[in-house]
Enquirer: 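Next up is a structure, given as structure tokens.
In this chain, residues are counted from 1 in sequence order.
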Amino acid sequence: MPLPTGSTSSWLQNSGFPSRLFETGRNDYELYEEDDEFVLSVEMPGFDPEEITVSWDEGVLNIAAEHEDETRGQRKTYHRRFRFPKNVEDDDIEAQYNNGILEVRLPVLTGATTRGKQIEVQA
């Protein structure tokens with residue numbers, strides 16, 4: 001059988017593989033800095049706040065979520081890490097989940113050491 005010619009996405013469509021598995025550079029978040037804090041908004045539709053884990057460890061924000069849909073027999077997971085170039089006041093990090101969007105606010109701190117901490121997700 002000859003190798004397929006043409007673009008990867010066209011022959012993946014015929015193979016039964018979902019082409020999204022092979023996409024890179026997801027655009028599911030927005031990160032910006034305002035008023036001495038980082039604001040990170042992540043699109044995470046279909047999760048409940050208690051299914052989302054947000055943690056901070058040595059300058060890295062870790063976001064993980066898992067949703068089990070027993071009626072459909074499906075499991076949905078999300079995992080992403082964000083590294084921050086500046087020190088963050090980890091005691092004041094806030095996370096809020098509303099309408100499928102997780103918003104994390106990370107106040108910038110000058111001259112402090114970074115530590116690890118679990119951040120509560122509020123609905």
Enquirer: Using 0.5 Å steps for rounding, measure from the CH2 atom of Trp56 to the CD atom of Glu89.
Expert: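 One finds 10.5 Å between CH2 of Trp56 and CD of Glu89.
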Enquirer: With distance as the sole test, does Lys76 use its side chain to make a donor-acceptor pair with the main-chain N or O of Pro45 at under 3.5 Å?
Expert: yes
Enquirer: Out of curiosity, does Val104 fall in the hydrophobic cluster containing Leu31 (side-chain heavy atoms, cut-off under 4.5 Å, transitive links)?
Expert: yes
Enquirer: Only counting residues at least two apart or in another chain, list the ones meeting side-chain hydrogen bond (donor to acceptor under 3.5 Å, both in side chains) with Glu66.
Expert: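 Testing Glu66 for side-chain hydrogen bond (donor to acceptor under 3.5 Å, both in side chains), a comparison that skips the adjacent residues, returns Arg75.
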Enquirer: Please check if the number of heavy atoms outside Glu70 that lie under 6.0 Å from its CD is greater than 12.
Expert: no
Enquirer: With Glu94, which residues qualify under salt bridge (Lys or Arg N to Asp or Glu O under 4.0 Å), at least two apart?
Expert: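 By the salt bridge (Lys or Arg N to Asp or Glu O under 4.0 Å) rule, Glu94 matches no residue at all.
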Enquirer: Looking only at heavy atoms, which two atoms of Ala123 and Gln96 are closest? And how far apart?
Expert: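 Closest pair (atom of Ala123, atom of Gln96, distance): O-NE2, 4.4 Å.
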Enquirer: Atom CG of Asp90 and atom CG of Leu106: how far apart are they, to the nearest 0.5 Å?
Expert: 10.0 Å
Enquirer: Which atoms form the tightest heavy-atom contact between Ala64 and His79, and what is the distance?
Expert: CB-CD2, 3.8 Å
Enquirer: Donor-acceptor check, side chain of Tyr97 to backbone of Ile52, threshold 3.5 angstrom: yes or no?
Expert: no
Enquirer: Roughly how far apart are Ile63 CD1 and Phe82 CZ, rounded to 0.5 Å?
Expert: 5.0 Å
Enquirer: Between Asn98 and Glu103, is there a side-chain heavy-atom distance shorter than 4.5 Å?
Expert: no
Enquirer: Closest heavy-atom contact between Glu68 and Glu51?
Expert: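 Nearest heavy atoms, Glu68 then Glu51: N-OE2, 4.4 Å.
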Enquirer: Evaluate Asp57 against Ser55 for side chain to side chain donor-acceptor pair (under 3.5 Å), listing each step before the verdict.
Expert: CA-CA 7 Å; Asp57 187 26; Ser55 59; over 6 Å; no
Enquirer: How many angstroms lie between atom CD1 of Ile101 and atom CD of Glu30, to the nearest 0.5 angstrom?
Expert: 9.5 Å
Enquirer: Would you name the heavy atoms of Phe47 and Thr77 that are closest together and state the gap between them?
Expert: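 Minimum heavy-atom separation between Phe47 and Thr77: CZ-C, 4.2 Å.
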Enquirer: How many angstroms lie between atom CG of Leu102 and atom CZ of Arg80, to the nearest 0.5 angstrom?
Expert: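 Leu102 atom CG to Arg80 atom CZ measures 12.5 Å (nearest 0.5 Å).
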Enquirer: How would you list all residue pairs meeting salt bridge (Lys or Arg N to Asp or Glu O under 4.0 Å) that involve residues 36-48, not counting sequence neighbours?
Expert: Glu37-Arg105
Enquirer: To the nearest 0.5 Å, how far apart are OG1 in Thr53 and CD1 in Ile119?
Expert: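 If we round to the nearest 0.5 Å, Thr53:OG1 and Ile119:CD1 are 10.5 Å apart.
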Enquirer: Centres of the Phe38 and Phe84 rings: under 6.0 Å?
Expert: yes
